[in-house]
Amino acid sequence: MRIVLVGPPGAGKGTQAHLLAKTLSIPHISTGDLFRANIGQGTPLGVEAKSYMDAGRLVPDEVTIGMAKDRMLQEDAAGGFLLDGFPRNLGQAKALDEFLAEQGIELDGVLDLEVPEDEVVRRIAGRRLCRNDGGHVFHVDYNAPKTEGVCDECGGELYQRSDDTEEAVRTRLEVYHTETEPIIDYYRQQGLIATIPALGKVDEVTQRAIEALKQDS
Ligand code: ADP
């Protein structure tokens with residue numbers, strides 16, 4: 001299956017993508033995680049991306065699209081993939097369509113995670129990520145790790161993202177409304193959108209997403 005996950009920052013895309021990818025046995029491709037890995041390794045791409053990310057702005061398309069394509073061309077993605085955080089504007093959505101057409105493949109569905117804005121802010125403020133980069137995401141109240149500061153799944157150290165500050169979050173929400181929301185209509189016209197209410201328990205949301213994918217196919 002080839003799936004795209006969209007939704008505002010803090011909607012739970014990373015958490016859901018991790019669980020869905022595991023259930024569907026496809027790789028979870030997160031452009032945010034790829035950027036963070038590059039920042040951690042100090043690559044030129046990471047150095048360029050960091051200033052945009054910390055400000056809550058989008059990393060330029062030239063950089064992002066190339067990175068996403070390279071990742072989709074890796075062997076483990078040959079049978080399908082779940083895209084999380086890409087595409088994030090119309091230019092990227094069109095570039096993705098061109099890429100898929102070149103490869104002779106199609107998307108199976110686009111899941112739109114819907115969450116009220118005040119909840120988004122609460123989720124982001126309490127969010128903690130695992131340093132080991134396995135897509136493990138926690139929340140100090142909603143999904144607290146058994147031991148504070150330690151990942152339940154792999155024992156890695158948990159940290160707060162540098163773009164989870166109030167100011168950066170405000171910009172990210174604005175960027176989401178102006179740049180990312182238009183891709184929902186773009187995919188609706190292609191008949192690919194399934195809207196998933198993303199309030200409630202993590203597992204319940206995953207279940208809703210799986211049901212929606214079954215109905216699509
Ligand atoms: P969230 O969905 O919570 O905002 P992500 O980890 O998906 O978190 O993204 C974090 C940041 O990484 C974004 O604010 C942006 O700066 C950058 N980024 C991620 N994906 C893209 C993309 N497709 N295009 C441009 N920038 C991106």
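Every heavy atom of this structure was used, including side-chain atoms; hydrogens, water molecules and symmetry mates were not. In listed order, ligands and their atoms are each counted from 1. Here the structure is a predicted model, which is why all the values come from computation and not from measurement.
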Looking only at protein heavy atoms, identify the closest one to atom 18 (N) of ligand 1 and say how far it is in Å. F35 CE1, 3.6 Å

What part of I124, side chain from CB on, backbone N/CA/C/O, both or neither, has a heavy atom under 4.0 Å from ligand 1? neither

Nearest non-hydrogen protein atom to atom 3 (O) of ligand 1, with distance, is R172 NH2, 2.9 Å

Verdict with reasoning, N132 to E153, per side-chain hydrogen bond (donor to acceptor under 3.5 Å, both in side chains): CA-CA 10 Å; N132 286 347; E153 296 201 41; over 6 Å; no

The protein heavy atom nearest to atom 12 (O) of ligand 1 is M53 CE, 3.3 Å

Considering distance alone, does some N or O of K13 sit under 3.5 Å from an N or O of ligand 1? yes

In this structure, atom 9 (O) of ligand 1 is nearest to the protein heavy atom R88 NH2, 3.4 Å

Can you tell me the protein heavy atom closest to atom 6 (O) of ligand 1 and the distance? R36 NH2, 2.7 Å

Judging by distance only, is a nitrogen or oxygen of L58 under 3.5 angstrom from one on ligand 1? no

Under the side-chain contact (heavy atoms from CB on, under 4.5 Å) rule, collect the residues that match up with R57, sequence neighbours excluded. Y52, A55, T171

When distances are taken from atom 10 (C) of ligand 1, the protein heavy atom at minimum range is R161 NH2, 3.4 Å

In terms of side-chain heavy atoms, does Y176 have a donor or acceptor partner in R88 at a distance below 3.5 Å? no

If the contact criterion is a heavy-atom separation under 4.0 Å, does R127 count as touching ligand 1? yes

Checking the N or O distance criterion of under 3.5 Å, is ligand 1 in contact with T31? yes

Expected output: side-chain T43 to main-chain G46 donor-acceptor under 3.5 Å: yes

Could you pull out, from R123, Q92, R57, the option with a heavy atom nearest to atom 16 (O) of ligand 1? R57

